[in-house]
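All values below come from the heavy atoms of this structure, side chains included, with hydrogens, waters and symmetry mates left out.
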Amino acid sequence: MADINHFEYGWITPALSYALSVLGSVLGLVCAGRIRTARTTGQRAWWGLLAAWALGGTAIWAMHFMAMLGFAVQGTRIRYDVPLTAASTAIAVVAVGIGLAIVGTGRLNPLRLVAGGVFTGAGVASMHYTGMAAMRLNGSLGYDTTRVVLSVVIAVVASTVALWLAMTVRRGLAIFASALVMGVAVNGMHFTGMSALSVHRHERVGGVTGAQVSTLLVPIMVAVIFGVVGLLYALLAAPTDDDRAAAAYLDGRRAPEPTPATPAVAPDPVGLRARSTLGQPGTPFPSRRDNPPR
């Protein structure tokens, strides 16, 4: 049995992972709030996609990878399978997106909330263990069944609470407080799942294939930074309810444009204008050649 260290760099990696989960939760809750106020199906789909990326990509997956930076196994190097790592990202984003679609379409009720929470929680747990399966080292991985089940239960409960908060929380202070709670839940699920892991080292030490952590760190952090900047830009550029109310108020106070006046027609009491051909534009001037004398 190999010795495992979950905090190789001290409290730096768990602190950064918690900060990422809180940041992603704040952005995700704000984007989810825009789903409720969207007027068209396209706008709801757009905000749902952004919320899924913020919650699934930043609050959950980026937090998971940041916490994995502090994971080490004595006597072996750790590499990562790139396709499986990318698949774990897609699983997290898609699971959160489907969960938001379940609770965000129609009226929110307990059945929808539980169904969305179970589906999203199962997706989050799948993301976690897919990311663990992407590890390559000189040894085999084993899991304690009880702690694995406990981590899945935490994921389902945390996902249900997150979806409920996404559909109900509106004010800024409440969003921040909810994000702090969600950060605790997401990190609790991750480290509970990590505590279930055991590594049995192989006697023969061979080469470990896969990408190093440093190789994956740069593109992942660039993607997170650009994702956060894009989310902030989308939130700042989109009009809020107050902006729409102010625009409607200004439109109501704006004076109506004057209609063009119709030119007045001079009175014609004896009907000469109707019988005259000279007064109409385009009428040729009469000539004696047109009416020769008889």
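Rounded to the nearest 0.5 Å, atoms CG (Leu69) and CG (Leu16) are 8.5 Å apart. How far CD1 of Ile220 is from OG1 of Thr85: 7.0 Å, rounded to the nearest 0.5 Å. Taken from CD in Gln212 to CG in Leu217, the straight-line distance is 11.5 Å, to the nearest 0.5 Å. Between atom NE2 of residue His200 and atom CG of residue Asn138 there is a gap of 15.0 Å, rounded to the nearest 0.5 Å. With values rounded to the nearest 0.5 angstrom, Met132 atom CE is found 11.0 Å from Met127 atom CE. Atom NE2 of residue His128 and atom OG1 of residue Thr192 lie 9.0 Å apart, to the nearest 0.5 angstrom.
What you find for Ser88 and Gly131 is that their closest heavy atoms are CB-N, 4.0 Å. Nearest heavy-atom pair across Gly75 and Arg201 is O-NH2, 3.6 Å. In plain terms, the two heavy atoms of Ala2 and Val73 that are nearest each other are CB-CG1, 3.7 Å. In terms of heavy-atom proximity, Leu231 sits nearest to Cys31 at CD2-SG, 4.2 Å. Nearest heavy atom pair, residue Val152 against residue Ala125, reads CG2-CB, 3.9 Å. Contact detail for Ser178 and Leu29: the closest heavy-atom pair is CB-CD1, 3.8 Å.
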For this session: List the steps, then state whether side chain to side chain contact (heavy atoms under 4.5 Å, CB included) holds for Ile91 with Trp61.
Result: CA-CA 9 Å; Ile91 291 172; Trp61 187 86; over 6 Å; no

For this session: Would you check, one step at a time, whether the test side chain to side chain contact (heavy atoms under 4.5 Å, CB included) holds for Leu50 with Leu27?
Result: CA-CA 9 Å; Leu50 294 182; Leu27 295 174; over 6 Å; no

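Around atom CZ of Arg112, more than 12 heavy atoms belonging to other residues, nucleotides or ligands sit under 6.0 Å away. Crowding of Tyr9 atom OH: a count of heavy atoms from other residues, nucleotides or ligands under 6.0 Å not exceeding 12.
Side-chain N or O atoms of Ser25 include none that pairs as donor or acceptor with a backbone N or O of Gly183 at under 3.5 Å. For the pair Tyr18 (side chain) and Leu180 (backbone), a donor-acceptor distance under 3.5 Å is present. With hydrogens and angles ignored, the 3.5 Å screen pairs no side-chain donor or acceptor of Arg136 with any backbone N or O of Thr209.
Val199 is listed as a side-chain neighbour of Leu141, based on a closest heavy-atom distance under 4.5 Å. Here the side chains of Gln43 and Arg34 are not in contact, with every heavy-atom distance at 4.5 Å or above. With a 4.5 Å cut-off on side-chain heavy atoms, Pro14 and Asn187 do not count as touching. Between Met221 and Met66, some side-chain heavy-atom pair lies under the 4.5 Å cut-off. Side chains of Ser198 and Asp144 form no contact here, defined as non-hydrogen atoms less than 4.5 Å apart. Contact of the Arg44 side chain with the Thr41 side chain is registered, since non-hydrogen atoms from C-beta on lie closer than 4.5 Å. Looking at heavy atoms from C-beta onward, Val30 lies out of side-chain contact with Trp47 at the 4.5 angstrom threshold. Considering only heavy atoms from C-beta on, Met167 stays 4.5 Å or farther from Leu113 through its side chain.
Linking ILVMFWY residues whenever their side-chain heavy atoms come closer than 4.5 Å, directly or via other members, places Val224 and Val124 in the same cluster. Residues Leu84 and Met135 fall into different hydrophobic clusters, defined by Ile, Leu, Val, Met, Phe, Trp and Tyr side chains chained together at heavy-atom separations under 4.5 Å. Residue Val114 is not grouped with residue Val161 when hydrophobic side chains (ILVMFWY) are merged at heavy-atom distances under 4.5 angstrom, including chains of intermediate members. When the side chains of ILVMFWY residues are joined at heavy-atom separations under 4.5 Å, either directly or via intervening members, Val156 and Ile102 end up in two distinct hydrophobic clusters. Hydrophobic clustering, with ILVMFWY side chains joined whenever heavy atoms are under 4.5 angstrom apart, groups Trp53 together with Trp46.
Classification of the Tyr129-Tyr143 ring pair by plane angle, with boundaries at 30° and 60°, yields perpendicular. Between Tyr80 and Phe65, the angle of the ring planes lies from 30° to 60°, which puts this pair in the tilted group.
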